[in-house]
Novice: 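My questions all concern the structure below.
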Amino acid sequence: MTDIMSCEIQLVSRPNGMPTADNFTIAQTKLEPLQDGQVLVRNLYMSVDPYMRGRMNEGKSYVPSFELGKALEGGAVGEVIESRAQEFKPGDVVTSNFGWREYFIAAPKELHPVSREMQPLSVYLGALGMTGMTAWVGLNLVEVKAGDVIFVSGAAGAVGSVAGQLAKLRGCRVIGSAGSAEKIKFLLEECGFDRAFNYNAGPVLEQLNLAAPDGIDVYFDNVGGETLEAALSALRVYGRIIACGGISGYNAQKPQPGPSNLFNLIGKRLTMKGLLVRDWLDRQGEFEQEVGGYFREGKLKNQETVVAGIDRAVDAFIGLFEGKNVGKMVVKLGEVSTN
Ligand code: NDP
């Protein structure tokens with residue numbers, strides 16, 4: 001192995017509110033020589049995800065904080081360039097948590113092999129990756145079934161667009177909310193949602209009541225805030241809430257008040273269940289088989305927004321909070337070799 005220089009994105013200060021480019025720097029590092037039992041990987045795609053915002057704060061949460069002056073971490077798809085471990089050979093395609101950098105060295109147990117035949121390979125960060133699995137887990141968590149009326153917020157994003165499509169495949173009536181007319185068109189015309197509305201176009205509760213005059217059975221919450229409050233009002237007796245995310249509050253500078261109508265949980269005997277996708281890793285094979293099958297059969301669309309180059313990764317990340325993505329936001333770092 002000749003000397004390899006790798007660009008990586010480091011956090012240099014903790015954002016206060018919305019992150020800015022000044023919170024990050026791009027640095028060049030020289031990789032150490034490869035040792036026995038190690039694998040050298042070149043990243044092809046890296047993921048930017050809303051949960052990373054929480055890791056940029058100081059202090060302990062359910063995930064450890066990113067360290068200042070070190071490369072950020074996150075999902076990535078890469079190609080093995082050189083291997084001194086029997087488990088991998090050059091040309092193998094792997095997923096890992098070593099995103100935000102061009103190259104890395106890892107032990108085999110830190111890599112997950114995937115098929116290089118799949119196109120595009122970035123699907124392993126979207127519909128067949130962590131965000132797709134989150135959608136699948138959410139539906140299983142509250143046993144979404146045929147006939148349910150389900151409302152999905154953040155519906156045009158990575159988790160939401162897959163959650164809505166999987167709910168349609170289960171025979172549900174699906175309603176989505178998202179932040180622009182272009183996204184509403186995408187939900188109705190490409191994802192098969194029954195109804196969709198733009199939450200910026202008017203009060204969420206009014207629009208939800210119009211879309212679901214008889215109420216909803218399930219709410220898949222990706223955003224929290226006003227939308228959660230509206231869903232609590234629209235849910236029917238024995239309704240269920242999948243508490244997946246609350247992006248509307250991720251950049252808040254002080255804790256946000258909870259919904260004013262939480263008492264609906266009692267009056268309507270609602271169930272609200274939180275999920276962390278990483279708790280379900282023992283069911284990853286089942287997820288890959290079911291959802292991979294839908295994808296290969298053309299029943300599931302993996303929409304993505306691709307930004308090119310590691311120097312654009314920070315823009316892509318900030319763009320999540322500005323609604324710049326339709327489907328999964330990914331950063332392309334290179335092409336797979338043609339061997
Ligand atoms: P998305 O692909 O949905 O990207 C973020 C989207 O959020 C944006 O495109 C934007 O769309 C929307 N958004 C941004 N700011 C706001 C706001 N203030 N109010 C409402 N919507 C907003 O991200 P993911 O699909 O990766 O994640 C969706 C949610 O799922 C997040 O809350 C995330 O934290 C959560 N999550 C939870 C996991 C778990 O294990 N619990 C795992 C993975 C994700 P728009 O134009 O519609 O505003």
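Computed from a predicted structure; not experimentally measured. Each ligand, and each atom within it, is numbered from 1 in the order the structure gives.
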Novice: Output the list of atoms in ligand 1 that are nearer than 4.0 Å to some heavy atom of V223, sorted by atom number.
Specialist: 20 (C), 21 (N)
Novice: Is it true that the side chains of Q284 and E286 contain a donor and an acceptor less than 3.5 Å apart?
Specialist: no
Novice: Provide the number and element of each atom of ligand 1 under 4.0 Å from a heavy atom of N325.
Specialist: 1 (P), 2 (O), 4 (O), 8 (C), 9 (O)
Novice: Heavy atoms only: which of L187, L320, V204, V48 lies closest to atom 6 (C) of ligand 1?
Specialist: L320
Novice: Which residue and atom name correspond to the protein heavy atom nearest atom 13 (N) of ligand 1, and how close is it?
Specialist: I247 CG2, 3.7 Å
Novice: Just go through V159, D49, L125 and tell me whose heavy atom is the nearest to atom 44 (C) of ligand 1.
Specialist: V159
Novice: Within the 4.0 Å heavy-atom shell around A178, which atoms of ligand 1 are there?
Specialist: 47 (O)
Novice: So, regarding G245 and ligand 1 (criterion: nitrogen or oxygen to nitrogen or oxygen, under 3.5 Å), is there a contact or not?
Specialist: no
Novice: Compute whether any side-chain donor of one residue and acceptor of the other, for K328 and S161, lie under 3.5 angstrom apart.
Specialist: no
Novice: Between the main-chain N or O of G17 and the side-chain N or O of R53, is there a donor-acceptor pair closer than 3.5 Å?
Specialist: yes
Novice: Identify, for atom 36 (N) of ligand 1, the protein heavy atom at the shortest distance, and state residue, atom and that distance.
Specialist: C244 SG, 3.8 Å
Novice: What atoms of ligand 1 come within less than 4.0 Å of a heavy atom belonging to Y250?
Specialist: 31 (C), 32 (O), 33 (C), 34 (O)
Novice: Starting from atom 23 (O) of ligand 1, locate the nearest protein heavy atom and write down its residue, its atom name and how far away it is, to 0.1 Å.
Specialist: P50 CG, 3.4 Å
Novice: With a 4.5 Å limit on heavy-atom distance, are the side chains of F24 and L72 in contact?
Specialist: yes
Novice: Heavy-atom contact check, 4.0 Å cutoff: does M130 meet ligand 1?
Specialist: yes
Novice: Would you mind checking if K332 and E335 are paired as a salt bridge, meaning a charged N to carboxylate O distance below 4.0 Å?
Specialist: yes
Novice: If you measure only the distance, is there a donor-acceptor pair under 3.5 Å linking the side chains of N16 and Q253?
Specialist: yes
Novice: Could you check if a side-chain atom of R101 sits within less than 4.5 angstrom of a side-chain atom of F98, using non-hydrogen atoms only?
Specialist: yes
Novice: Using heavy atoms and a 4.0 Å limit, tell me yes or no: is G327 in contact with ligand 1?
Specialist: yes
Novice: Measure L275 to ligand 1 on non-hydrogen atoms and call it side chain, backbone, both or neither using the 4.0 Å cut-off.
Specialist: both
Novice: Looking at D194 and K168, is there a salt bridge between them, counting it only when a charged N and a carboxylate O are closer than 4.0 Å?
Specialist: yes
Novice: Do L111 and F104 touch side chain to side chain, with heavy atoms closer than 4.5 Å?
Specialist: yes
Novice: Between D148 and R240, does any NZ, NE, NH1 or NH2 come within less than 4.0 Å of an OD or OE carboxylate oxygen?
Specialist: yes
Novice: When you measure from atom 29 (C) of ligand 1 to every protein heavy atom, which one gives the shortest distance, and what is it?
Specialist: N222 OD1, 3.5 Å
Novice: Looking at ligand 1, would S180 count as a contact under a 4.0 Å heavy-atom criterion?
Specialist: no
Novice: For atom 11 (O) of ligand 1, which protein heavy atom lies nearest, and how many Å away is it?
Specialist: K183 NZ, 3.2 Å
Novice: May I ask you to identify the nearest protein heavy atom to atom 3 (O) of ligand 1, giving residue, atom name and distance to one decimal place in Å?
Specialist: G157 CA, 3.3 Å
Novice: Counting non-hydrogen protein atoms only, what is the nearest one to atom 21 (N) of ligand 1? Give residue, atom name and distance.
Specialist: Y199 OH, 3.3 Å
